[in-house]
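Counting starts at 1 for both ligands and their atoms, in listed order.
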Amino acid sequence: MKVICIANQKGGVAKTATTAILASVLKQKGNRVLAIDMDPQGSLSKQVGATTEGHEVYEVLKGNVSARDAIQHLERFDILPTSIILAGLEAELMTDVGKYFKLRDAIEEANLKDDYDYIIIDTPPSLGVPTVNAIVAADGILVPTDADCDSINGIVQLSDTVRNVKKYCGVNPEILGIVFTKFDPRQNNSKTMLELAMRVADMLHTKVFQTFIRGAVAVREAKSSSKDLVVSRPDSKVVLDYTSLANEMLKEV
Ligand SMILES: Nc1ncnc2c1ncn2[C@@H]1O[C@H](COP(=O)(O)OP(=O)(O)O)[C@@H](O)[C@H]1O
Ligand SMILES: [Mg+2]
């Protein structure tokens, strides 16, 4: 399990936070880690302080630049950054029959799997071309969700996309599981939401991770200050939660 895509077409469920913290946790464990930002909003790129002057995902997916030349080597982990230009890709690739294989090809052509132990891909809140590229490139898909019916029910649609990718794209990414983020066990509906998530997970032949990521203001603060929580607050609950998630996820794969 080398390439892990973080996906859920619902916005605000902590895909980007999960990508950033998980990538850092894996890096702190001594792994070589690359994060790829496939969300045209570029929140991950901004949060980790990637420069906007270098090359970016868009140019890589267009085949103009090698992925190797677009990677930025930051202290917290390496990143293939993105910007809003990526939003135009979908229209540009309209008639390109290979449009879903751009990221996979770029990773292969640059032999990135030799350079990294883990490649973690952040995706936008939609099931369009960037997200499908991430799914096609992935070995595993981690699905963050908040305790909200729409977010949990939306996972069924994501899984339809994964099923179609398997059927038509000749690749076999596995849904690793659903992880609750920003979780507050005192919230009245948390038990009902957990039961709903377990039903959805059963239907999709996957599971709900035993690790819950607790809600923590530190995550929001770290985002605005570009701080790496895993380094600045290694003992905070949320970092411990993500460490436990990494252990749970990787134990089985
Ligand atoms: N564990 C957490 N506790 C508190 N706030 C969180 C947590 N994880 C993420 N957030 C906040 O929730 C918001 C949405 O998270 P984000 O990662 O941007 O979601 P997505 O990428 O799915 O849209 C952000 O403001 C983020 O800082
Ligand atoms: Mg995001």
- Message: Geometry only, no angles: is Thr18 polar-contacting ligand 1 at N/O separations under 3.5 Å?
- Response: no

- Query: So does Arg163 pair up with Asp160, basic N to acidic O under 4.0 Å?
  - Reply: yes

- Task: Could you check atom 10 (N) of ligand 1 against the protein and tell me its nearest heavy-atom contact, residue, atom and distance included?
- Result: Lys182 CD, 3.6 Å

- Item | ligand 1 atoms in contact with Ala17 (distance to a heavy atom under 4.0 Å) | 8 (N), 9 (C), 17 (O)

- Quick check: does Ala216 get an N/O under 3.5 Å from an N/O on ligand 1? yes

- Query: Strictly under 4.0 Å, does any heavy atom of Thr181 approach an atom of ligand 1?
  - Reply: no

- Message: What protein heavy atom lies closest to atom 1 (N) of ligand 1? Include the residue and the distance to one decimal.
- Response: Arg214 O, 3.0 Å

- Between Asn8, Leu44, Thr16, flag the one that comes closest to atom 21 (O) of ligand 1 by a heavy atom. Thr16

- Task: Under 2.8 Å from the Mg ion (ligand 2), which protein N, O or S atoms are there? Could you list them by chain and number?
- Result: Thr16 OG1

- Query: Atoms of ligand 1 less than 4.0 Å from Val13 heavy atoms?
  - Reply: 19 (O), 20 (P), 22 (O)

- Query: Side chain, backbone, both or neither: which part of Lys223 comes within less than 4.0 Å of ligand 1 when only heavy atoms are counted?
  - Reply: side chain

- Note on the structure: From the list Asp37, Asp39, Asp122, side chain to side chain donor-acceptor pair (under 3.5 Å) partner of Thr16 resolves to Asp122

- Message: Any nitrogen or oxygen of Val217 lying under 3.5 Å from a nitrogen or oxygen in ligand 1? Just yes or no.
- Response: no

- Note on the structure: A student checking ligand 1 against Lys15 at a 4.0 Å heavy-atom cut-off should list atoms 17 (O), 19 (O), 20 (P), 21 (O), 22 (O)

- Query: Is the Phe183 ring parallel, tilted or perpendicular to the Phe212 ring (thresholds 30°, 60°)?
  - Reply: tilted

- Query: Once you round to the nearest 0.5 Å, how far does NZ of Lys62 lie from CG of Leu89?
  - Reply: 6.5 Å

- Message: Nearest 0.5 Å, please: how far is NZ in Lys29 from CG in Asn247?
- Response: 3.5 Å

- Does ligand 1 have an atom that lies less than 4.0 angstrom from a heavy atom of Ser43? no

- Does the N or O separation between Gly12 and ligand 1 drop below 3.5 Å for any pair? yes

- What protein heavy atom sits nearest atom 19 (O) of ligand 1, and how far off is it? Ala14 N, 3.0 Å

